[in-house]
There are 2 protein chains.
Amino acid sequence: MKLSTKSRYALEGMLYMAVYGKDRLLTVKEIAAGTAVSPAYMEQIFFTLKKAGLVSTVRGAKGGFTLGYPENEITVGRIIRAIDGDLVPVSCVANLSSCKSKARSNCISRYVWIRISDAIAKTADKQTLEMLKDQFMKESDGAENEDIH
Amino acid sequence: MKLSTKSRYALEGMLYMAVYGKDRLLTVKEIAAGTAVSPAYMEQIFFTLKKAGLVSTVRGAKGGFTLGYPENEITVGRIIRAIDGDLVPVSCVANLSSCKSKARSNCISRYVWIRISDAIAKTADKQTLEMLKDQFMKESDGAENEDIH
DNA sequence: ATAAATCCTACCAATTTAGTAATATATTTA
DNA sequence: TAAATATATTACTAAATTGGTAGGATTTAT
């Protein structure tokens with residue numbers, strides 16, 4: 001499966017937008033700075049998010065990014081899928097034809113990965129940016145400039 | 001995270017043992033043949049499983065492998081951990097100190113991966129070899145030599 | 001002895017990941 | 001219109017990981 005740092009960066013960038021980008025355009029530069037990711041790399045990531053429709057853009061000077069959907073419609077699952085592709089751990093799960101072994105036990109183990117896959121998807125799909133933002137706001141209460149983890 | 005083909009092979013090998021290896025030693029050669037994995041590779045995998053105690057061995061001629069624990073105590077989770085290490089998707093989740101960003105939003109995204117991690121672990125840990133074997137037996141009923149997936 | 005089996009390490013090729021870089025294109029503003 | 005700013009797009013690369021091979025060392029049954 002793929003749960004890369006890239007999709008983590010994507011989530012952090014999107015979350016940054018939800019928290020700090022209400023009703024205004026954010027540049028990649030700002031988002032990258034706010035999440036401590038290299039601007040060039042974040043740009044590449046946002047390019048992918050754009051293609052998936054998860055962010056909207058305005059080009060040129062004074063341009064920037066906004067969320068492509070309401071915060072409560074953007075789930076962690078959508079972000080991961082946009083960046084890392086389907087949430088499937090083993091290729092054999094995705095396309096059955098790659099299951100070349102004749103051992104029938106493979107079919108059983110296949111169910112195992114499907115169950116795991118479903119668990120991941122379910123967990124990822126029920127967390128929205130809105131929820132995470134709320135959690136963030138709550139945590140920040142009375143601890144604005146801590147920078148403590 | 002890591003859910004590699006290697007851990008899938010390990011699971012298939014272990015499952016093969018549960019199904020075909022009751023009360024007898026199985027050689028890597030047989031297990032590899034039964035699961036359509038290269039013997040040398042399967043041997044390496046079983047070496048790792050041995051170190052984790054998941055299988056027991058008898059060395060020398062007429063030697064071989066048996067399960068290291070009762071079937072109902074060997075979970076998919078234990079197998080995956082033995083082969084691929086901890087079921088943690090992002091390094092930052094495992095050791096907090098690698099969370100070098102100053103952006104507080106990282107902490108929130110960290111919770112996301114922890115939730116996903118927990119979901120994976122929970123799903124993997126509740127599936128035992130015994131259950132999978134039972135499922136296998138049931139599926140095989142009246143369809144012994146199908147080789148259909 | 002020798003054959004069969006695990007034990008253990010080293011190595012390698014291919015892929016993936018993480019990231020840099022550079023150039024093209026669009027838009028604002030002076 | 002020129003300059004500055006920002007996204008769009010593609011190409012490239014270094015490092016790590018993955019998937020797998022190879023081979024010798026050791027142990028044990030016959």
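The model shown is predicted, which means the values in this text are computed figures rather than measured ones. Convention: sequence-line order gives letters A, B, ...; per-chain numbering from 1.
A salt bridge links B/Asp125 to B/Arg81: at least one charged side-chain nitrogen sits closer than 4.0 Å to a carboxylate oxygen. Of the charged side-chain nitrogens involved, none lies within less than 4.0 Å of a carboxylate oxygen, so that A/Arg110 and B/Glu12 do not count as a salt-bridged pair.
In this structure, A/Thr5 does not reach the C/dT17 phosphate: none of its side-chain N or O atoms is under 4.0 Å from OP1 or OP2. Proximity of B/Thr27 to the phosphate of C/dT6: no side-chain N or O atom is located under 4.0 Å from OP1 or OP2. Applying the 4.0 Å criterion to OP1 and OP2 of C/dG19, one finds that A/Tyr9 has a side-chain N or O inside that range. Within the structure, a side-chain polar atom (N or O) of A/Thr57 is placed less than 4.0 Å from OP1 or OP2 of D/dA8. Checking the phosphate oxygens (OP1, OP2) of D/dT21, a side-chain nitrogen or oxygen of B/Ser38 falls inside 4.0 Å.
Per the geometry, CZ belonging to A/Arg8 stands 15 Å off P belonging to C/dT17, to the nearest Å. Rounding to whole angstrom units, CZ of residue B/Phe65 and C1' of C/dA5 are separated by 9 Å. Across the protein-nucleic acid pair, B/Ile31 atom CD1 and C/dA5 atom C1' stand 12 Å apart, rounded to whole Å. Atom pair B/Ile80:CD1 and D/dT18:P shows a separation of 14 Å (rounding to whole Å applied). The separation between B/Phe46 atom CZ and C/dC7 atom P is 11 Å, rounded to whole Å. Nucleotide D/dT9 holds its P atom 7 Å from the NZ atom of A/Lys50, rounded to whole Å. Distance B/Glu43 CD to C/dA10 P: 16 Å, rounded to the nearest Å. As rounded to whole Å, 11 Å separates atom P of C/dC7 from atom NZ of B/Lys51.
Defined by atom type and a distance below 3.5 Å, a donor-acceptor pair is missing between the side-chain atoms of A/Asn72 and A/Thr128.
Across the interface with DNA chain C, nearest-nucleotide mapping of A/Lys62 and A/Gln44 shows A/Gln44 to be the residue nearer the 5′ end.
With distances taken from any side-chain atom of A/Lys29 to the nucleotides D/dA29, D/dT7, D/dA6, the minimum falls on D/dA6. When the nucleotides C/dT27, C/dT20, C/dT6 are ranked by their closest atom to the side chain of B/Arg59, C/dT6 comes out on top. Relative to the side chain of B/Lys6, the nucleotides C/dT6, D/dG19, C/dT27 differ in distance, and D/dG19 lies closest. In the set C/dT6, C/dA3, C/dT9, C/dT9 carries the atom at the smallest distance from any side-chain atom of B/Phe47.
Side-chain contact between A/Val112 and A/Ile116 is present, with heavy atoms from C-beta onward closer than 4.5 Å.
Geometric assessment of A/Lys22 against the ring of A/Tyr20 yields a negative cation-pi assignment under the 6.0 Å and 45° thresholds.
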